[in-house]
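A short worksheet on the structure shown next.
In the text below, chain A, chain B and the rest are named by the order of the sequence lines, each starting its count at 1.
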2 protein chains.
Amino acid sequence: MPDLSASARPVITRKDVARLAGVSTAVVSYVVNGGPKNVAPATQERVRQAIATLGYRPNVTARALKMGSSRILGMVVPKISSPFFASLAKAVEQAAEEEGYAMLLGDSRDSLTVERRHLSNFADRQVDGVFLCSVLNHRPEVSELEGRGIRTVLLNFSEYPLEVDAIGPEFVDSSRRAVEHLAGHGHRDIALVQGFVTGNTLDGREFGWREALKGMGASEGRIFRCSFDRAGGYDAGRRFLALAERPTAVFITSDEQAVGFLRALHEAGLRVPEDVAVMSFDGSEESEFSWPPLSTVRQPIQQMAEAGVRAIIGTGRDEPPRTQVFDCELVLRRSCGCDT
Amino acid sequence: MPDLSASARPVITRKDVARLAGVSTAVVSYVVNGGPKNVAPATQERVRQAIATLGYRPNVTARALKMGSSRILGMVVPKISSPFFASLAKAVEQAAEEEGYAMLLGDSRDSLTVERRHLSNFADRQVDGVFLCSVLNHRPEVSELEGRGIRTVLLNFSEYPLEVDAIGPEFVDSSRRAVEHLAGHGHRDIALVQGFVTGNTLDGREFGWREALKGMGASEGRIFRCSFDRAGGYDAGRRFLALAERPTAVFITSDEQAVGFLRALHEAGLRVPEDVAVMSFDGSEESEFSWPPLSTVRQPIQQMAEAGVRAIIGTGRDEPPRTQVFDCELVLRRSCGCDT
DNA sequence: CGTTTTTGTTGACTCGAGTAGATCGCGCTG
DNA sequence: CAGCGCGATCTACTCGAGTCAACAAAAACG
């Protein structure tokens with residue numbers, strides 16, 4: 001009648017290993033970590049044996065307490081179900097794992113309150129660094145984190161705040177090139193579908209679009225503001241369709257919005273790119289398989305993620321923060337008029 | 001010449017609070033945790049004051065070491081950039097956060113090796129539970145985790161392994177209903193686009209499709225096997241198009257694959273649902289904004305996530321594992337022939 | 001052969017918090 | 001007024017691992 005065999009879980013500690021190998025606990029540590037003191041080869045072997053037979057695994061929590069480092073990175077995104085942030089999270093996770101770090105993910109659901117909760121939560125959990133993708137260009141949270149000794153990297157920022165580490169795509173010039181490409185297909189009236197940007201900052205994509213229009217001597221273009229998701233793009237599409245005189249091309253600030261926009265066009269029976277040419281931003285997998293395939297500005301997600309991880313774990317506490325900007329690539333598919 | 005003001009970070013501990021409030025460290029703990037012993041109201045107030053003025057935050061790592069619980073949940077998905085898993089991760093994260101847990105995310109990139117690495121990594125980090133979305137129905141890993149005292153929940157399994165906690169949609173009957181719905185639109189020849197399932201198990205969706213065909217006295221249907229992503233669906237579509245005599249309707253095992261399949265149909269100039277009717281599985285946001293909008297079987301993601309969190313944190317160690325199956329809902333849009 | 005240096009090992013303290021067990025002081029009862 | 005009970009508080013040990021000062025034994029040097 002006794003025992004529940006399965007639940008008997010011995011929990012092997014350093015002490016057990018030391019006892020079995022006939023050495024002190026210090027030596028076990030030295031062997032496991034390869035330092036800071038030498039251990040005679042023969043002893044090392046005995047300890048290794050003991051570790052193997054007992055199946056000892058060092059307690060990461062204890063190490064974290066002693067060392068003051070959890071080897072965990074936190075990442076906060078506004079919406080993980082957005083394909084762009086999902087890809088970014090994946091890339092960050094992979095880069096972090098390669099360095100032996102795990103990644104805590106927090107979805108802030110576009111809410112500043114939730115974002116703050118996650119950040120403070122992460123700080124309490126002593127993460128070694130935080131990746132923050134925020135709609136906001138808020139300094140207060142970040143400096144609070146840094147004050148608590150947590151290196152923070154802003155990803156995908158739309159402004160250039162120089163007092164904190166920041167990594168993002170080169171918005172302005174890439175967007176200008178994208179719009180100029182549309183112009184190259186003969187379009188003169190090119191609208192912008194722009195996601196809401198919090199704060200009174202000017203989004204780089206909008207700026208690039210303006211620059212391109214100015215460069216081609218075109219008149220002021222129309223702007224459709226909407227939320228940064230498929231529903232927003234759809235909504236913008238409906239407003240676009242309601243126009244008496246419609247622009248012949250559209251530059252859209254994300255693939256997700258573009259997909260929604262396309263749906264609206266399809267519903268109305270318009271053809272892309274014949275009736276309306278479309279170019280979007282991000283370069284997610286989604287853009288490749290929509291109909292028609294979207295021409296888009298592809299962000300170098302992997303490079304940005306790797307640079308982010310490097311900025312967090314490979315940077316001394318006293319190095320000044322850096323802003324790193326990455327060039328994007330124009331991916332030309334059907335929706336702009338290429339490849340038909 | 002001294003100091004670098006910003007990097008002076010005092011690190012307040014329980015001891016500092018105790019000193020300032022003029023009490024012992026034990027009392028501080030009692031106040032912070034509301035127990036296990038009483039503290040006189042006046043003293044409580046003093047301690048609270050001290051906590052506030054010093055800005056004390058309990059060290060979660062230390063607590064985790066002492067309590068043997070990190071209040072962290074792990075989640076392993078094959079691919080976070082799949083909209084379905086992204087939504088699932090979001091729902092789990094939210095449910096976990098409401099209970100005061102954080103979520104470590106691991107992307108296994110469809111690789112069993114990476115999956116194992118994540119699981120063992122999570123185990124070392126003493127997570128309190130793991131959500132595992134695996135293409136495989138592998139027991140060994142799971143029982144190893146359980147052996148280390150980590151409650152594990154299989155999400156989105158396609159078989160019924162009763163020796164471990166499992167949560168998933170009701171695949172068979174939902175799929176049968178979906179296919180029957182297509183039949184209701186007059187289709188007799190209904191193909192299946194099926195993602196690769198590892199192991200020699202029969203996918204519930206395939207089983208439901210077979211059942212429906214049998215029920216309507218139809219002949220054997222065609223099956224297109226492909227990977228579980230947009231590219232796979234596209235590839236299946238190409239093979240579908242190459243057929244001399246094409247089925248008039250298709251049931252596809254995920255929205256992602258359906259999007260790729262649609263692209264292939266569009267490329268060939270086929271109309272949906274007039275030439276080919278399509279019904280898919282999952283119910284992600286993506287399905288709503290594709291063209292045409294996809295009729296799909298919506299999984300109750302939020303309920304499943306909540307049930308999963310409950311299974312992990314609200315379950316005693318010795319309770320037997322349960323398999324929980326959740327009903328899905330048919331979402332009828334344009335692609336099947338409804339709503340035109 | 002005696003002394004210095006090197007090498008290997010250990011005991012003991014530390015990180016920050018939870019909590020059992022001992023202690024203190026106060027009020028009530030007989 | 002002694003004795004008891006009880007609530008409030010403190011002391012001290014614990015979780016598991018990192019690492020330094022101290023020490024012993026062996027190697028190198030004169």
Side-chain angles (χ1 to χ4, degrees), chain A residues 9-48 50-51 54-72 100 123-128 148-149, chain B residues 9-48 50-51 54-72 100 123-128 148-149:
Chain A
R9 184 170 35 98
V11 191
I12 314 295
T13 78
R14 194 175 58 160
K15 220 164 164 179
D16 304 310
V17 177
R19 179 159 33 233
L20 178 59
V23 297
S24 77
T25 59
V27 174
V28 179
S29 270
Y30 296 151
V31 172
V32 170
N33 306 328
K37 301 232 171 133
N38 282 352
V39 175
T43 320
Q44 271 193 43
E45 192 42 37
R46 257 186 308 143
V47 173
R48 290 243 161 65
I51 290 180
L54 292 177
Y56 165 72
R57 321 236 32 178
N59 182 321
V60 182
T61 310
R63 169 179 299 183
L65 172 59
K66 190 78 230 275
M67 309 303 282
S69 151
S70 55
R71 293 187 79 81
I72 292 183
D124 287 348
R125 289 174 188 279
Q126 317 226 113
V127 299
D128 293 347
R148 291 225 241 157
Chain B
R9 180 172 35 99
V11 192
I12 312 294
T13 76
R14 195 175 57 161
K15 218 160 161 181
D16 304 311
V17 177
R19 180 160 31 237
L20 178 58
V23 297
S24 77
T25 60
V27 174
V28 178
S29 272
Y30 298 151
V31 171
V32 170
N33 306 328
K37 302 225 174 142
N38 282 351
V39 175
T43 319
Q44 274 193 41
E45 193 41 38
R46 257 187 308 142
V47 173
R48 290 243 161 65
I51 290 181
L54 292 177
Y56 164 72
R57 322 238 28 179
N59 181 321
V60 181
T61 310
R63 169 180 300 185
L65 173 59
K66 190 81 231 275
M67 309 303 280
S69 152
S70 55
R71 293 186 81 80
I72 292 184
D124 287 348
R125 289 175 189 279
Q126 318 226 112
V127 300
D128 293 347
R148 291 225 240 157

Inset, instruction - Take the protein atom CZ of A:Arg19 and the nucleotide atom P of C:dT10, then report the distance between them rounded to whole Å. - result: 14 Å
Inset, instruction - For residues B:Asp124 and A:Val60, report the shortest heavy-atom separation together with the two atoms involved. - result: O-CG2, 3.1 Å
Legend entry - Spacing between A:Arg63 atom CZ and C:dG16 atom P, to the nearest angstrom: 18 Å
Inset, instruction - Remember a base hit wins even if backbone is also touched, and classify A:Lys15 as base, sugar-phosphate or nothing at under 4.0 Å, heavy atoms. - result: nothing
Inset, instruction - Find the distance B:Arg125:CZ to D:dA17:P and express it as a whole number of Å. - result: 15 Å
Inset, instruction - Find out whether A:Val32 and A:Arg63 are in side-chain contact, i.e. whether some heavy atom of one side chain is under 4.5 Å from a heavy atom of the other. - result: yes
Inset, instruction - Could you say whether A:Lys66 or B:Arg46 is positioned toward the 5' end of DNA chain D, judged by the nucleotide with the nearest heavy atom to each? - result: B:Arg46
Inset, instruction - Would you classify B:Ser29 as touching base, sugar-phosphate or nothing, given that sugar-phosphate means primed atoms plus P, OP1 and OP2, and contacts are heavy atoms under 4.0 Å? - result: base
Inset, instruction - Could you check if a side-chain atom of A:Val47 sits within less than 4.5 angstrom of a side-chain atom of A:Val39, using non-hydrogen atoms only? - result: no
Legend entry - Pair B:Ser70, B:Arg125: side-chain N/O donor-acceptor within cut-off below 3.5 Å: no
Inset, instruction - Counting heavy atoms from C-beta on, name the nucleotide in D:dA17, C:dG16, D:dT11 closest to the side chain of B:Ala26. - result: D:dT11
Inset, instruction - Pick base, sugar-phosphate or nothing for A:Val39, based on heavy-atom distances below 4.0 Å to the nucleic acid. - result: sugar-phosphate
Inset, instruction - Answer whether the closest heavy-atom distance between the side chains of A:Asn59 and A:Thr13 falls below 4.5 Å. - result: no
Legend entry - Side-chain donor/acceptor of B:Tyr30 to base of C:dA20, under 3.5 Å: yes
Inset, instruction - Select one nucleotide: of C:dT9, C:dG18, D:dT19, the one nearest the side-chain heavy atoms of A:Thr43. - result: C:dT9
Inset, instruction - State which of C:dG8, D:dA8, D:dC10 makes the closest approach to the side chain of B:Asn38. - result: D:dA8
Inset, instruction - Check every atom of D:dA17, D:dC15, D:dG16 against the side chain of A:Arg14 and return the nucleotide holding the closest atom. - result: D:dA17
Inset, instruction - Would you indicate what A:Val23 reaches in the nucleic acid, counting non-hydrogen atoms under 4.0 angstrom: base, sugar-phosphate, or nothing? - result: sugar-phosphate
Legend entry - Nearest listed nucleotide, side chain of A:Ala40, among C:dG16, C:dT9, D:dA17: C:dT9
Inset, instruction - Quickly work out the B:Gln126 CD to D:dC15 P distance and round it to whole Å. - result: 14 Å
Legend entry - Distance in angstrom units between B:Met67 CE and C:dG16 C1', rounded: 13 Å
Inset, instruction - Whole angstrom is fine here: how far is it from CG in B:Leu65 over to P in C:dT14? - result: 17 Å
Legend entry - d(CG, B:Asn33; C1', C:dT19) in whole Å: 10 Å
Legend entry - Residue whose nearest DNA chain C nucleotide is more 5′ - A:Val27 or B:Lys37: A:Val27
Legend entry - Atom-pair distance (CZ on A:Arg71; P on D:dG18), nearest Å: 12 Å
